[in-house]
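Below is one structure, written out as structure tokens, with a few remarks after it.
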Amino acid sequence: MATRILILGGTTEARELAARLAADARLDVTLSLAGRTANPVRQPVPVRVGGFGGAAGLADHLRARQVDLLVDATHPFAARMSANAAEAAREADIPLLALRRPEWVRVEGDRWTEVESVEEGIERLGAAPRGVFVALGRQEVAPLLAHPQHRYVIRSVDPVEPRLELPQATYLLARGPFRESDERRLLAEHRIEATLAKNSGGDASYGKIAAARALGIEVILVHRPRKPEVPSLATVEEALAAIAHLAGPAEKRGV
Ligand code: NAP
């Protein structure tokens with residue numbers, strides 16, 4: 001019988017991992033999405049959408065579907081889901097692997113102010129009005145309302161709705177990956193003086209960090225939330241090797 005794998009996704013890496021595992025006939029892979037994005041990109045394996053109803057709901061799902069392996073490939077800021085995954089895997093008594101991309105590390109020329117929360121980041125912009133590029137995700141922009149003196153350029157995958165009651169806000173819709181050259185152009189065009197972002201890690205959204213460095217722009221960077229200590233891999237390749245080890249030697253589909 002095929003090894004059943006449930007991947008908790010919502011990231012580029014989850015999609016890549018699913019695509020690579022789909023080629024192995026011994027595996028039966030499903031990808032789970034929270035359902036936050038209106039038009040998610042096409043996925044290479046069957047997808048289920050929506051919350052499970054907490055850790056207990058996920059544990060029920062794992063048992064009912066006879067899942068053999070749970071892979072937590074959620075975004076570094078999806079702390080709730082990762083905590084639920086750890087608890088549910090324990091409850092259902094199945095192995096859990098996490099795919100956790102390394103965080104970005106400061107290099108020479110970076111002007112970073114590291115903060116613990118979005119609220120603290122907005123405080124740190126200061127009282128004087130500034131041009132601020134906001135790349136936080138549309139769920140996290142409400143705290144900007146506390147500091148309406150700034151001129152905000154807010155980028156998200158789906159529209160921020162309702163619009164924030166801010167005197168100066170421009171909304172941009174775009175889905176990564178973002179190239180450094182394009183990000184530089186954007187920062188210059190909008191006369192940006194500070195960038196507000198999360199330390200997401202990975203290549204797809206690093207362009208804005210490199211662009212800010214090149215232009216000498218301050219980046220206010222929100223630290224990651226703590227995630228549970230579980231066996232973790234940093235790359236899709238490492239995750240594939242660990243899964244192959246758990247599932248036994250791979251067989252290619254159609255060979
Ligand atoms: P979160 O705060 O950790 O999760 C909140 C709730 O959403 C969870 O308790 C769970 O509901 C549901 N959920 C989250 N991920 C899910 C998944 N892959 N499949 C099914 N249900 C899921 O997560 P979040 O920060 O809102 O992120 C939601 C999704 O967007 C995640 O899949 C994440 O990978 C992706 N994402 C997040 C960010 C970010 O900055 N936070 C950025 C890019 C992508 P139940 O308790 O009902 O199961």
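Order of appearance sets the numbers: ligands from 1, and atoms from 1 within every ligand. Quick caveat, the model's predicted, so the values are computed rather than measured. In this chain, residues are counted from 1 in sequence order.
- Ranking protein heavy atoms by distance to atom 1 (P) of ligand 1, first place goes to Arg80 CB, 3.6 Å.
- Residue Leu136 has no nitrogen or oxygen atom sitting less than 3.5 Å from a nitrogen or oxygen atom of ligand 1, judged on distance alone.
- Residue Ala79 touches ligand 1 through its backbone alone, judged by heavy-atom distances below 4.0 Å.
- For atom 3 (O) of ligand 1, the closest non-hydrogen atom of the protein is Met81 N, 2.7 Å.
- Taking every non-hydrogen atom of Gly50 and a distance limit under 4.0 Å, the qualifying atoms of ligand 1 come out as 20 (C), 21 (N).
- Residues Arg48 and Ser32 bring a donor and an acceptor atom of their side chains to less than 3.5 Å of each other.
- Summary of contacts: the protein heavy atom closest to atom 44 (C) of ligand 1 is Gly10 O, 3.2 Å.
- If you number the atoms of ligand 1 from 1 as listed, the ones under 4.0 Å from a heavy atom of Ser32 come out as 17 (C), 18 (N), 19 (N), 20 (C).
- Ligand 1 has no atom lying under 4.0 Å from any heavy atom of Leu58.
- Annotation: Gly53 places an N or O atom under 3.5 Å from an N or O atom of ligand 1; distance criterion only.
- For atom 48 (O) of ligand 1, the nearest protein heavy atom (residue, atom name, distance) is Phe52 N, 2.6 Å.
- Annotation: Asp203, atom CG; neighbour count of heavy atoms from other residues, nucleotides and ligands within 6.0 Å does not exceed 12.
- For Arg48, every heavy-atom contact with ligand 1 shorter than 4.0 Å involves the side chain, none the backbone.
- Judged by the 6.0 Å distance and 45° axis criteria, Arg163 is positioned over the aromatic ring of Tyr171.
- In Lys198, the part holding a heavy atom less than 4.0 Å from any atom of ligand 1 is the side chain.
- Side chains of Glu218 and Thr195: a donor-acceptor N/O pair is absent below 3.5 angstrom, by distance only.
- The shortest contact between atom 11 (O) of ligand 1 and any protein heavy atom is with Gly51 CA, 3.6 Å.
- Distance from atom 5 (C) of ligand 1 to its nearest protein heavy atom, with residue and atom name: Arg36 NH2, 3.5 Å.
- Within the set Ala78, Pro40, Ala83, the minimum heavy-atom distance to atom 27 (O) of ligand 1 is found for Ala78.
- Taking 4.0 Å as the cut-off between side-chain N and carboxylate O, Arg106 and Glu114 count as a salt-bridged pair.
- Under the 4.5 Å side-chain criterion, counting only non-hydrogen atoms from C-beta, Val134 is in contact with Leu144.
- The closest donor-acceptor contact from the side chain of Arg111 to the backbone of Gly216 lies under 3.5 Å.
- The two atoms that bring Leu17 and Ala239 nearest to each other are CD1-CB, 4.0 Å, heavy atoms only.
- Look at Ala73 and you'll find every heavy atom at least 4.0 Å from all atoms of ligand 1.
- There is no side-chain donor-acceptor pair under 3.5 Å between Thr3 and Asp68.
- Under the 4.5 Å side-chain criterion, counting only non-hydrogen atoms from C-beta, Glu91 is in contact with Arg63.
- The single protein non-hydrogen atom nearest to atom 32 (O) of ligand 1 is Gly9 O, 2.8 Å, given as residue, atom name and distance.
- A cation-pi arrangement, defined by a distance under 6.0 Å to the six-membered ring centre and an angle within 45 degrees of its axis, is absent between Arg130 and Tyr152.
- At a heavy-atom distance under 4.0 Å, only side-chain atoms of Asn84, from C-beta outward, approach ligand 1.
- For atom 37 (C) of ligand 1, the nearest non-hydrogen atom of the protein is His75 CB, 3.4 Å.
- Near Phe77, meaning under 4.0 Å from one of its heavy atoms, ligand 1 places the atoms 25 (O), 39 (C), 40 (O), 41 (N).
- Side chain of Ser117 to backbone of Glu120: a donor-acceptor contact under 3.5 angstrom is found.
- Atoms of ligand 1 found under 4.0 Å from any heavy atom of Gly54, numbered from 1 in the order shown, are 45 (P), 46 (O), 47 (O), 48 (O).
- Distances shorter than 4.0 angstrom do not occur between any heavy atom of Gly137 and any atom of ligand 1.
- The closest side-chain heavy-atom distance from Ser82 to Pro228 is below 4.5 Å.
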